[in-house]
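Excluded from the calculations below are hydrogen atoms, water molecules and symmetry mates; all remaining heavy atoms, backbone and side chain alike, are included. A note on names: the letters A, B, ... follow the listed sequences, proteins ahead of strands, and every chain is numbered from 1.
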There are 2 protein chains.
Amino acid sequence: MQLSRKADYALRAVAYISQLKKGDLASIGRIAKARGIPREFLAKILKELTRAGVLVSFQGVTGGYRLSRLPKEITFLDVIEVMEGPVRINLCVDDRHCACTNEKSCEIRPFFVKQQEQIIRAFKRQNFGAFAHNKISKLA
Amino acid sequence: MQLSRKADYALRAVAYISQLKKGDLASIGRIAKARGIPREFLAKILKELTRAGVLVSFQGVTGGYRLSRLPKEITFLDVIEVMEGPVRINLCVDDRHCACTNEKSCEIRPFFVKQQEQIIRAFKRQNFGAFAHNKISKLA
DNA sequence: TCTTAATAGATTATAAAAATCTATATTTTA
DNA sequence: TAAAATATAGATTTTTATAATCTATTAAGA
């Protein structure tokens, strides 16, 4: 019932990158140090976010990462789903794993279906616009 | 980000027991068979629920389990917390693990604090009254 | 051509979840 | 009173997921 550390790190990294001035890049090392994330683990995370189209990367000495689009156009759900796959709050919500579809009235599933919708809606509502460089002060 | 199978089994078992007629008991074997839960695992679960005061148990040939109080007085949260401990939707919500308390404005924590409150409220609202023996038909 | 970046993907380590096992205690009933 | 069916206690094992690291390569600027 807990977000993975990987997804938490990813959210923090994207929040960090959201605070860059237009055109600036942040390197893995810089973000890792600023946010206390294990460097190699973060490398893996940013790699995945790049492949998924959330970030854009540049190699070479002056390389680093920036967002692929405006901060407000990237949601928590976007980032979390790249890290963890589709949100599933209980196994039975997924049809393939529901042991109760045959039963006339499952006691449990409808409740979790509803809760899952709730949390997905919240993850979708929350975007990185609030963190953009003009909203929050200095980067560590 | 997913409820443990253990907690899911526990909810199903308590829902099952909620459907018993007043005074009736259900044995581990019966519940396990009816709901497709591994028998020994369920034994462990019901043991814990009994110790936590959610269920009452009786040993011996005619033994089994019943609720310790009315179905509507047992919430999903009660059962889930016995299985998983306090609900924590992200590590950083817990003060002891928050790496960002020192930072002026953490980007992530307040959001999850709010979501956690939401889900806890929903777990507290949902009780087993809806499953009581007169509300839903026959037990498998 | 050296340095500092990202990329790819395999590998290892750690921890949590899921399940099982062994032995014991309790109660009913034959 | 013995046998059968139940719960209890708690350790152990198995499996899976998470977290982290490692090795080698590619790319670009100084």
- Query: Looking across every strand, which nucleic acid part, if any, lies under 4.0 Å from B:Gly29 by heavy atom: base, sugar-phosphate, or nothing?
  - Reply: nothing
- Message: Tell me the interatomic distance from B:Met83, atom CE, to C:dA18, atom P, rounded to whole angstroms.
- Response: 12 Å
- Would you kindly compare A:Thr50 and B:Leu42 by the position of their nearest DNA chain C nucleotide and give the one closer to the 5′ end? A:Thr50
- Item | Separation of D:dA17 C1' from A:Leu3 CG (nearest whole Å) | 14 Å
- Please report, rounded to the nearest Å, how far the P atom of C:dT7 is from the CG atom of A:Leu49. 11 Å
- Task: Can you tell me the distance, in whole Å, between the CZ atom of A:Arg12 and the P atom of D:dA19?
- Result: 13 Å
- Side chains of A:Arg35 and A:Tyr9: do they bring a donor and an acceptor to under 3.5 Å? no
- Item | Between P of C:dA6 and CG of A:Leu25, the distance in whole Å | 9 Å
- Item | Parallel, tilted or perpendicular: ring planes of B:Phe76 versus A:Phe111, cut at 30 and 60 degrees | perpendicular
- Note on the structure: From OH of B:Tyr9 across to C1' of C:dA17 the rounded distance in Å is 11 Å
- Roughly, in whole Å, what's the span from CG in A:Leu91 to P in D:dT16? 13 Å
- Query: Is the side chain of B:Arg66 donor-acceptor paired with the backbone N or O of B:Val56 at a distance under 3.5 Å, no angle test?
  - Reply: no
- Look at all strands and tell whether A:Lys44 reaches a base, only sugar-phosphate, or nothing, counting heavy atoms closer than 4.0 Å. base
- Could one point to a donor on the side chain of B:Lys47 or the base of D:dA9 with an acceptor on the other under 3.5 Å away? yes
- Query: So, is B:Arg5 near the phosphate of C:dA17, with a side-chain N or O under 4.0 Å from OP1 or OP2?
  - Reply: no
- Message: For a quick test of reading the model: is some side-chain N or O of A:Tyr65 closer than 4.0 Å to OP1 or OP2 of C:dA5?
- Response: no
- Residues B:Asp8 and A:Arg109 bridged, charged N to O under 4.0 Å: no
- Between A:Ile45 (CD1) and C:dA6 (P), how many Å, whole number? 14 Å
